[in-house]
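In this text, all values refer to a predicted model and were calculated from it rather than measured experimentally.
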Amino acid sequence: MNRAAQIASALREVRDRIADAAARAGRSADSVRLIAVSKKMPPEDVAAALAAGQEDFGENYAQELRDKRAAVATVLAAEQVQVRANATAVPPVGLLLPRWHYLGPIQSNKVKYLAGQVALIHSVDNGDVLAELDHRLASTAAPKMTGTIDPQPCLVQVNIAGETRKGGVPPHRLAAVLDRFAVSSHATCLGLMLIPPTTDTVEATRRHFATLRELAAREAAVVRPNVSLSELSMGMSGDYVEAVAEGATMVRVGTAIFGNRARARDDDGPALG
């Protein structure tokens, strides 16, 4: 089995497990979006997953995302040239590009690689990043002489366990960050994101997921402009089934699709350091 076939097979298995978990929770499989975490993987792997029907991809490092987006586009364009060269009676297919998600920690000086460049930023956890997003997006809009630009969709990362080496806003400060979104000019908050401790038992991990769901429900009762809280990004390769059971609308799965990475990091979530 070649690499592309391995990735396609792994994707089918992950999708089947998501569908089964969703059905057991009384939900539709379509209510859960699978994000294939491609950090440290070559652009050819992204192209193979895309060919297998995967549309959403996640990266943890801003500059790697920038470079990989360009590299994947080059690989896909080359594949299209080959398709056209081999095409006879069958019309060549259109060029489908990935929908990119940013999952990692955000430094203000890296916002320039993200603002308006990704479908969703999962890891906002402070007002300084929001301020830089507003600034960058406003600067992008100005040359168009229209003064308008599509807002940048975001999630707020919550650090429920209080782990010092992980990003995320503490639960007691979540309302303040959401209030900051309410006055943002160019960013919207669609929901919350969580990375639970990796050493927890399955039961403890599920409690973290349930706590995030409860936090979202509580804050959703407060009417804020630019804030909807309809999305819950939680669950990785080792616990995405439990996350779906607790209401995840997005799961971030890397190792279960692409295999182990060359350098082990914090699995499918933002890297440590």
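The distance from the CZ atom of Arg136 to the CG atom of Leu114 is 10.5 Å, given to the nearest 0.5 Å. One finds the CD atom of Glu44 at 10.0 Å from the CG atom of Leu76 (value rounded to the nearest 0.5 Å). Going from atom CD of Gln157 over to atom CG of Asn126 covers 11.0 Å, rounded to the nearest 0.5 Å.
A donor-acceptor contact shorter than 3.5 Å links the side chain of Tyr102 to the backbone of Asn60. With hydrogens and angles ignored, the 3.5 Å screen pairs no side-chain donor or acceptor of Gln152 with any backbone N or O of Leu133. Using modelled atom types, no side-chain atom of Ser38 and backbone atom of Met41 make a donor-acceptor pair closer than 3.5 Å. Under a 3.5 Å cut-off, the side chain of Lys40 and the backbone N or O of Asn260 do not form any donor-acceptor pair.
Between Asp134 and the choices Ser139, Ser185, Ser184, the side chain to side chain donor-acceptor pair (under 3.5 Å) rule is met once, by Ser184.
Applying the ring pair (Phe, Tyr, Trp, His ring centres under 6.0 Å) test to pairs two or more places apart or on separate chains, none has a residue in residues 211-255. Pairs of residues two or more places apart, or lying in two chains, that qualify as side-chain hydrogen bond (donor to acceptor under 3.5 Å, both in side chains) and include a residue from residues 45-54 are Arg3-Asp45.
Taking the side-chain contact (heavy atoms from CB on, under 4.5 Å) definition, one finds that Ser228 meets it with Leu190, Ser230, sequence neighbours left out. Residues that satisfy the side-chain contact (heavy atoms from CB on, under 4.5 Å) test with Gln107, not counting sequence neighbours, are Asn109, Lys110. Residues passing the side-chain contact (heavy atoms from CB on, under 4.5 Å) test with Val241, sequence neighbours excluded: Arg17, Ala21, Arg24. Qualifying side-chain contact (heavy atoms from CB on, under 4.5 Å) partners for Ala182, counting only residues two or more places apart in sequence or in other chains: Arg224, Pro225.
Under the 4.5 Å side-chain heavy-atom criterion for Ile, Leu, Val, Met, Phe, Trp and Tyr, Leu232 and Leu215 are members of the same hydrophobic cluster.
Heavy-atom contacts from other residues, nucleotides or ligands closer than 6.0 Å to CD of Glu214 number more than 12. For Arg99, the CZ atom counts as densely surrounded, since its 6.0 Å shell holds more than 12 non-hydrogen atoms of other residues, nucleotides or ligands.
The two residues Ala210 and Glu246 make their nearest non-hydrogen contact at CB-OE1, 3.6 Å.
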Between Trp100 and Gln117, does a side chain to side chain contact (heavy atoms under 4.5 Å, CB included) hold up when you go through it step by step?
CA-CA 8 Å; Trp100 294 105; Gln117 303 297 312; over 6 Å; no
